[in-house]
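See structure below.
Side chains are part of it too, since the values below use all heavy atoms of this structure and drop only hydrogens, waters and symmetry mates. A note on names: the letters A, B, ... follow the listed sequences, proteins ahead of strands, and every chain is numbered from 1.
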Number of protein chains: 2
Amino acid sequence: MPKPSSTSIASQDYLEQIFHLIALKGYARSVDIAANLGVSQASVSAMLKRLGADGLVVYEKYRGVILTPKGSDLAQHIIRRHEVLTRLLRHFGLDEETIYRDVEGMEHHISAQTLKAFTLLANELDQNPALCRTLKRKVRGK
Amino acid sequence: MPKPSSTSIASQDYLEQIFHLIALKGYARSVDIAANLGVSQASVSAMLKRLGADGLVVYEKYRGVILTPKGSDLAQHIIRRHEVLTRLLRHFGLDEETIYRDVEGMEHHISAQTLKAFTLLANELDQNPALCRTLKRKVRGK
DNA sequence: TTACAATCTTAGTCTTGTCTAAGTTTTTGG
DNA sequence: CCAAAAACTTAGACAAGACTAAGATTGTAA
Ligand SMILES: [Mn+2]
Ligand SMILES: [Mn+2]
Ligand SMILES: [Mn+2]
Ligand SMILES: [Mn+2]
């Protein structure tokens with residue numbers, strides 16, 4: 001009876017990309033999902049089947065994929081969380097490559113409480129350029 | 001020839017606990033590692049074998065486990081990172097339970113750069129109790 | 001309309017990490 | 001000293017998620 005977790009780390013990453021592609025081009029193709037995530041197309045097929053079984057996408061073989069309302073809500077939540085984290089890390093003057101990799105990993109382990117704290121902190125930093133300058137200076141050189 | 005990664009997320013969590021137990025009691029027993037990580041003793045046996053193969057512990061059946069210098073260095077790095085993250089999250093007034101869960105997940109996805117930024121930020125917050133008070137107030141209630 | 005390219009799926013395999021159940025070894029108390 | 005308990009390992013299974021190779025479908029351009 002292992003309840004289908006339905007929101008594994010990998011599932012979240014796929015949902016995120018599917019949502020992005022649909023927003024950007026109107027549809028999400030396997031080939032693009034694969035490229036964006038750096039996995040094989042075969043892996044995408046397998047995951048779409050799983051997401052379909054979990055009721056997060058409607059998937060018809062050879063016919064592409066769309067998000068269910070449930071999948072879409074979840075994707076938007078995932079993306080907002082990703083954006084908050086990115087906004088926070090940008091305050092430290094890290095390079096975008098590093099920010100992306102760290103956010104892509106960290107995002108799956110942030111509770112609602114911590115996300116709220118990070119959101120508020122990012123807001124505070126927005127209003128405190130002096131502190132941001134100090135941090136950026138210390139982060140890069142010694 | 002897939003080079004042994006040797007530092008998977010799970011490996012890091014096991015190393016962390018082994019180090020802690022040795023620091024605390026002088027030795028690390030499977031039964032305690034299992035309890036601390038919430039896994040079965042069988043899983044611990046399997047992982048100790050892998051850590052041994054990766055040169056991170058010396059493992060003799062029925063005889064306990066010790067860290068190699070390499071394993072010890074790695075464990076200390078992992079623990080320092082865990083502590084920095086914990087120190088940062090404590091500034092927001094989150095409950096310890098939540099902090100522990102989030103840190104336990106996030107810690108494996110923090111680059112050296114981001115870790116440095118978080119360290120500096122924690123330092124700044126230490127010296128800015130006013131900001132911390134504001135954050136704590138906003139994080140809890142509305 | 002048809003052949004080719006692009007896209008997609010399936011089949012089969014692998015790795016990591018987990019579990020339970022069963023068997024072994026070590027420790028311990030009487 | 002030895003039986004029972006505690007600790008530990010092995011065996012066997014499973015799930016997620018990845019890969020490659022091979023085959024199926026779709027789209028397109030001549
Ligand atoms: Mn991610
Ligand atoms: Mn993301
Ligand atoms: Mn951890
Ligand atoms: Mn940790």
Side-chain angles (χ1 to χ4, degrees), chain A residues 1-18 21-22 25-66 74 78 101 104-105 107-109, chain B residues 1-18 21-22 24-66 74 78 104-105 107-109:
Chain A
M1 80 218 36
K3 172 47 178 27
S5 81
S6 165
T7 40
S8 67
I9 290 176
S11 299
Q12 294 178 28
D13 287 337
Y14 279 88
L15 279 180
E16 186 178 27
Q17 288 307 320
I18 292 167
L21 285 167
I22 291 174
K25 319 178 112 181
Y27 49 86
R29 326 244 331 193
S30 285
V31 71
D32 295 323
I33 300 170
N36 288 0
L37 292 176
V39 299
S40 71
Q41 286 192 39
S43 298
V44 175
S45 277
M47 180 56 88
L48 293 184
K49 210 168 298 179
R50 266 172 296 197
L51 293 176
D54 289 343
L56 297 170
V57 304
V58 178
Y59 166 56
E60 283 177 290
K61 281 181 203 171
Y62 296 102
R63 282 280 137 183
V65 70
I66 59 169
L74 186 48
I78 289 164
R101 277 208 321 282
E104 209 42 61
E107 62 183 354
H108 311 285
H109 307 277
Chain B
M1 78 219 39
K3 173 44 179 29
S5 80
S6 165
T7 40
S8 67
I9 290 175
S11 299
Q12 293 178 29
D13 287 337
Y14 279 87
L15 280 180
E16 186 177 27
Q17 288 308 320
I18 291 166
L21 284 167
I22 291 174
L24 185 67
K25 319 176 113 185
Y27 49 85
R29 325 238 342 190
S30 286
V31 69
D32 295 323
I33 300 170
N36 289 358
L37 292 176
V39 299
S40 71
Q41 287 192 38
S43 299
V44 175
S45 277
M47 179 58 87
L48 292 185
K49 211 168 296 180
R50 266 171 284 173
L51 293 177
D54 289 345
L56 299 170
V57 304
V58 178
Y59 167 56
E60 283 177 290
K61 281 181 203 170
Y62 295 103
R63 282 281 138 179
V65 71
I66 59 171
L74 186 48
I78 289 165
E104 209 42 61
E107 62 183 354
H108 312 285
H109 307 277

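- Rounding to the nearest 0.5 Å gives a distance of 10.0 Å between CG of A:D32 and CD of A:Q17.
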Restricting both atoms to N or O, compile the protein contacts to nucleotides 8-13 of chain C shorter than 3.5 Å, with distance only.
residue : atom : partner : partner atom : Å
C:dC8   : OP1  : A:R29   : NE           : 3.4
C:dC8   : OP2  : A:S30   : N            : 3.4
C:dC8   : OP2  : A:V31   : N            : 2.7
C:dT9   : OP1  : A:Y59   : OH           : 2.6
C:dT9   : OP1  : A:Y62   : N            : 3.1
C:dT9   : OP2  : A:S45   : OG           : 2.6
C:dT9   : O5'  : A:S45   : OG           : 3.4
C:dT9   : O4'  : A:Y62   : OH           : 3.4
C:dT10  : OP1  : A:K61   : NZ           : 2.6
C:dT10  : OP2  : A:K49   : NZ           : 2.7

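- Remark: of the listed residues B:L56, B:V58, B:V65, B:L56 is the sole one forming a side chain to side chain contact (heavy atoms under 4.5 Å, CB included) with B:L51.
- With values rounded to the nearest 0.5 angstrom, A:E16 atom CD is found 4.5 Å from A:E107 atom CD.
- At the phosphate of C:dG17, OP1 or OP2 sits under 4.0 Å from a side-chain N or O atom of B:R50.
- For A:H108, there are no ring pair (Phe, Tyr, Trp, His ring centres under 6.0 Å) partners two or more places apart in sequence or in a different chain.
- Distance A:D13 CG to D:dG17 P: 10 Å, rounded to the nearest Å.
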For residues 37-46 of chain B, please give each side-chain donor-acceptor pair under 3.5 Å, one per line with the distance, not counting sequence neighbours.
residue : atom : partner : partner atom : Å
B:S40   : OG   : B:A42   : N            : 3.4
B:S40   : OG   : B:S43   : N            : 3.1
B:S40   : OG   : B:S43   : OG           : 3.1

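- Spacing between atom OH of B:Y27 and atom P of C:dT27 amounts to 12 Å, rounded to whole angstrom units.
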Decide side chain to side chain contact (heavy atoms under 4.5 Å, CB included) for B:K61 and B:L48; before the verdict, give the C-alpha distance in whole Å, the side-chain angles of both, and the deciding distance to 0.1 Å. CA-CA 10 Å; B:K61 281 181 203 170; B:L48 292 185; over 6 Å; no
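- The separation between B:L37 atom CG and C:dT16 atom P is 18 Å, rounded to whole Å.
- Side-chain N/O atoms of A:Y14 include none lying less than 4.0 angstrom from OP1 or OP2 on D:dA16.
- Between the C1' atom of C:dT18 and the CE atom of B:M47 lies a distance of 10 Å, rounded to the nearest Å.
- Phosphate proximity of D:dA16 to A:S8: absent, as no side-chain N or O sits under 4.0 Å from OP1 or OP2.
- Taking atom CG of residue B:L51 and atom P of nucleotide D:dT9, one finds them 13 Å apart after rounding to whole Å.
- For B:S40 and C:dC19, the shortest distance from a side-chain N or O to OP1 or OP2 is below 4.0 Å.
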